[in-house]
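Counting starts at 1 for both ligands and their atoms, following the listed order.
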Amino acid sequence: MPVLLGFADRPARPDDSHHQDPHPPDRPGSALENPAATAADRELWRSARRVLRQNRTGASTVPSRSLYPHQWSWDSAFIAIGLRHDEPARARMELETLFAAQWRDGRVPHIAFSPRVPHSAYFPSPDFWRSSTAGGPAGAPTDRQTSGIVQPPVHALAAWLVHRADPTGSVRAGFLRRLYPRLTAWQRYLAEDRDLGGLGLAAVVHPWESGMDNSPCWDEPLARITPAAPDSFRRADLDHGTPADRPTDEDYGRYVALAAGYRDRRYTDREPHPFAVADPGFNALLIAAELALGEIAIELAAEATGERPAGAGQPNGPDALAATSAAELHARAARHRSRARRRTRALVQRLWSDSTGQFHCRDLVGGRTLATRGATGLLPLLLPGLPPPQTAALLRTLSGAHFGLGSTTALVPSHDLLGPEFHRGRYWRGPAWFNINWLIERGLRQHGERARADALRGSILTAAGASGFAEYLDPYTQEPHGARAFSWTAALAMDLLATGPAGQAEDEDRAAGTGHPAEREGARP
Ligand code: 2M8
């Protein structure tokens, strides 16, 4: 059987030949083709596009010029999802640049550092993570600096959506052919090396890995970590962020201690982790990735049999799929779907609560399901194969008193409005975030809740524009917090503008990789 995971070769560098033009011209007519777009939509589109261009640094885009001056993993996936409508070649480049920082064990680091940015601009900086030395046993690249932890796997979904926006350009560039082996290696790492509890679910080993850094969901498992001494590090985030909105010094000390411990264990997952949590949002995205990989495999099979135009040029770089037959790719697609079904079952069995009507995190070190209600527990709504009882209950929970969507809030808050830990302005402890709302909007649409999806879409767009594309918002007043001109806020607004309200939306990219009818059925657990 041909070997698909062609990691004998290092992933491409951003300046490899397939990354030819860092500033390609726009697609003709790329200035918002959605016929339902109003003048205000067009203005919003132009402003969003300006944000993405301002935040562009070479072959990728920083989340924020001030607060986050490097490339972040799930940020880049969301950025590519927006960028695909405007500059599909740039969207492909965004993902490929990130995957150039992938480790040989398959992990995609949560930060790919820019060598041009001084260490003092962001903490923890490359000299803290020491990826090229401490990450040696796990196969960290030696030609660039990265962090050693990960973020949620939105990338396969992003790659699939990016491909669908410009299939001809994508095939011609060999985009999916090159990325698929890297995406499957990433999936394998999370599904196998990170199944720390043997539950069939991936674990996060640091709160930052969830992307919802300071969520109250982490308070209990984090409490057993001894914080690093305050004088052993210097926070750079407080130079830009409002201290009252940012994590406390004590929590920051715990983040530093956890990351330093992982580094000192040379980023192995074979020794016990002091913090290990099965997070429902992270796992929902892992399942959505599996479905998207199924789509990608079928697309590659079609290319292999000539059902799709093979493109004018040959893919650049090593072609790990060269000897893979269409039949083998179909078999792979079936395996992706069956893994998605299995994991959806595990998610429901292990993390669902009938009494709260949502999913919960499970602390694998303490051996307890955590009572805290975070927005992470709503994200499985994204899954087409979520069983009807859980889907119906999540829909009720979303608009119930704890999240208030459509009554007390117009955007989903990141945390339980009634929880004692809720804070309307503090990082991930209550404010509304645009990426979470985009995922929920998608989930609503996925389950046929068009009116609610349209309402949420409208709220996201209004808030994105009014806040100057803020990083996050007070869920009650929509007062902006954190960085402004934040990349994923701009990108996801562009995506919603381009795909249009219900009826205009392209079904195939609404369903987390369910473009093929067979997959829609196959996704059912
Ligand atoms: C925030 O996380 C970074 C650490 O990764 C930080 O607080 O310094 C989170 O909001 C995370 O989800 C996001 O990816 C990152 C960059 O936008 O910022």
Side-chain angles (χ1 to χ4, degrees), residues 51-52 55 57 60-82 94 98 101 108-114 117 120-126 128-129 146-155 158 204-215 217-218 222 233-243 245-249 251-256 258-259 262 279 281-282 285 374-376 379 414-415 425-439 469-473 481-492:
V51 167
L52 291 187
N55 289 349
T57 56
S60 62
T61 311
V62 298
S64 147
R65 284 259 170 200
S66 52
L67 204 49
Y68 309 112
H70 301 280
Q71 183 175 25
W72 256 261
S73 167
W74 78 330
D75 295 66
S76 275
F78 290 122
I79 289 164
I81 286 171
E94 185 77 34
L98 177 70
V108 176
H110 97 300
I111 304 177
F113 288 105
S114 162
V117 174
S120 59
Y122 182 80
F123 177 84
S125 48
F128 174 90
W129 297 102
T146 76
S147 69
I149 58 170
V150 301
Q151 272 189 329
V154 194
H155 315 89
V204 293
V205 301
H206 192 292
W208 290 343
E209 293 201 316
S210 70
M212 306 188 193
D213 300 20
N214 201 29
S215 161
C217 296
W218 319 128
L222 204 54
F233 62 95
R234 184 189 166 276
R235 297 177 65 169
D237 59 322
L238 299 180
D239 296 347
H240 308 284
T242 311
D245 290 354
R246 297 288 304 173
T248 61
D249 279 343
D251 279 347
Y252 223 87
R254 294 192 165 101
Y255 301 151
V256 171
L258 273 178
Y262 196 22
D279 168 24
F282 192 100
L285 289 164
T376 185
L379 291 187
S414 50
H415 194 67
R426 201 180 271 280
Y427 217 58
W428 291 104
R429 298 182 80 84
W433 291 74
F434 287 90
N435 60 339
I436 300 305
N437 277 273
W438 182 87
L439 290 166
F469 303 102
E471 188 181 0
Y472 55 99
L473 306 172
H481 287 267
R484 306 299 193 275
F486 192 68
S487 291
W488 80 36
T489 307
L492 296 176

*Not counting sequence neighbours, which residues clear side chain to side chain contact (heavy atoms under 4.5 Å, CB included) with Pro124? List them please.*
Tyr122, Phe128, Trp129, Trp208
*Who are the side chain to side chain contact (heavy atoms under 4.5 Å, CB included) partners of Ala375, not counting sequence neighbours?*
Phe403, Ile436
*At a 4.0 angstrom heavy-atom cut-off, what protein residues surround ligand 1?*
Pro63, Tyr68, Trp72, Trp74, Asp75, His110, Tyr122, Gln151, Gly211, Asp213, Arg246, Tyr427, Trp428, Trp433, Phe486, Trp488
*Could you tell me the separation between the NE2 atom of His155 and the CD1 atom of Ile81, rounded to the nearest 0.5 Å?*
9.5 Å
_Thr376-Asp279 side chain donor-acceptor pair, cut-off 3.5 Å_ = yes
*Rounded to the nearest 0.5 Å, how far does CH2 of Trp74 lie from NE2 of His110?*
11.5 Å
*With sequence neighbours excluded, what pairs up with Glu209 under the side chain to side chain donor-acceptor pair (under 3.5 Å) test?*
Arg194
